[in-house]
Amino acid sequence: MSAPVKIAVSNGTTNGATNGNTNGALNGATNGATQEVNGADLKKMKNANPPKVYIGSPHKEFNPSSNDSMDGNQFPADPLQCRIEPYSPYNSCTYEIVQSVAEFLLSRVTIRPKIGIICGSGMDGTTGCLADALTDSTSFPYETIPYFPTPTVPGHMGRLVFGYLGDVPVMCMQGRFHYYEGYPLWKCAMPVRVMKLVGVTHLLASNAAGGLNNNYKVGDIMIIKDHINLLGFAGNNPLMGPNDERFGPRFPAINRAYDYSVRRMAKAVASEMNINNIVHEGVYSVVGGPSFETIAEIRMLAALGVDAVGMSTVHEVITARHCGMTSFAFSLITNKSVTDYESYEEPNHAEVIDMGKHREPVLKEFIARLVKKIEHDRQQSK
Ligand SMILES: O=P(O)(O)O[C@@H]1C[C@H](O)[C@@H](CO)O1
């Protein structure tokens, strides 16, 4: 690994790009900062060239070299120069940095979403994915966003899309960050804090998962009602390190992580769509990955009451709850967890992606209807 290089980043002063939609969080000047960037990583990120696909209509892709910012907040011309030191186990992404990223985005889109969506493996791919359904959309490839991590997993597109799902404004992460990619959990979850400071109040996350519950079939949907944070048991949590109270308290409660009323709405959506037979509610457990689980591990998880196992979401939901966002998540059961020593079956990423693509139309409708209900509920409770 090459030695980290220090890059001085002067963010200058912001100039009113934000509005009252941001819980009053985005109203100050941002500080200059010196960040450490790993040279080898930078090179890799520069070489990453995400495939261009058509999304929504009309659609605009942010181009950092063009002059299309509305306020011109002061970042170096090359967004890759704004990266956070990659491997610190403790959060080195300050409130001010998150604030400056939110301002960067808000000054380049007119849309003010209250709902943020994270697409899981296979659900954020190249065609027919949820982001495709967004209209009046603007996308930001992750490597064009200052301080953003960049994804390394096949099946994860790697861009942030703002647009309308039906007539509801949303922002959508097409591709997420996993611990096994080498990112600390706080960094995997950093985009959730960006959503918060953009003004998002509701997080809706999806993931691909292995099914342990014998009643689940491949292709089923599991509304997550609770999680077992195995990484947390091992002393790893996205909130480790110094706590900034502007995000939330040192010791946040997490027992109501998966909002009861949104779960009820999701079940109502399943009834409307006549898919109750494939929709369940259960407990998700996160493992570190990238290796899938052994049979003994799966048996242990089943004994603990786990219905589905995956490698994401929990760090995002903890981060969202910490900063007061309402959160909801569901798993697409992409494979059955193997529990039998005689079995020749092996889970693999290709089947995970294929099942995500296969279920895309149903999931798209499920999410669109749920988003509409959340927005309606939000308007009613104003
Ligand atoms: O991002 P998610 O949790 O949907 O992705 C799952 C976990 C691994 O990234 C991958 C394994 O196939 O799918």
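Remember, it's 1-based here, ligands and their atoms both numbered in the order they're listed.
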Check whether NZ of the Lys or CZ of the Arg Arg193 lies under 6.0 Å from the centre of the six-membered ring of Phe247 and within 45 degrees of that ring's axis.
yes
Closest heavy-atom contact between Tyr284 and Ala209?
CE1-CB, 4.1 Å
Which of the numbered atoms in ligand 1 are below 4.0 angstrom from a heavy atom of Gly120?
4 (O)
Ligand 1 atoms in contact with His178 (distance to a heavy atom under 4.0 Å):
1 (O), 2 (P), 5 (O), 9 (O)
Verify, without hydrogens or angle tests, whether Glu181 (side chain) and His178 (backbone) share a donor-acceptor contact under 3.5 angstrom.
yes
Between the candidates Ser121, Gly310, Gly289, which shows the shortest non-hydrogen contact distance to atom 5 (O) of ligand 1?
Ser121
Please state whether the rings of Phe366 and Phe328 are parallel, tilted or perpendicular, taking 30° and 60° as the class boundaries.
tilted
Select one of side chain, backbone, both or neither to describe which atoms of Met123 lie under 4.0 Å from any atom of ligand 1, heavy atoms only.
neither
Give yes or no for whether the N/O distance cutoff of 3.5 Å, strictly under, is met between Arg176 and ligand 1.
yes
Any non-hydrogen side-chain atom of Ser285 less than 4.5 Å from a side-chain atom of Leu304?
no
Any nitrogen or oxygen of Ser206, main chain or side chain, under 3.5 Å from a nitrogen or oxygen of ligand 1?
no
Quick one: sort the Phe177 and Tyr142 rings into parallel, tilted or perpendicular, breaks at 30° and 60°.
tilted
Quick one: look at Phe292 and ligand 1, take heavy-atom pairs under 4.0 Å, and tell me if it's side chain, backbone, both or neither.
side chain
Per-atom filter on ligand 1: closer than 4.0 angstrom to a heavy atom of Asn207 are 3 (O), 4 (O)
Using a heavy-atom cut-off of under 4.0 Å, does the side chain or the backbone of Val352 touch ligand 1, or both, or neither?
side chain
Tell me, please, whether Phe140 has Arg159 positioned over its six-membered ring: NZ or CZ under 6.0 Å from the ring centre and within 45 degrees of its axis?
no
Taking only non-hydrogen atoms of Ser312 and a 4.0 Å limit, the atoms of ligand 1 in range are 1 (O), 2 (P), 3 (O)
Could you say whether the N/O atoms of Ala208 and ligand 1 ever approach to under 3.5 Å?
yes
Which heavy atom in Ala189 sits nearest to a heavy atom in Thr319, and how many Å separate them?
CB-OG1, 3.2 Å
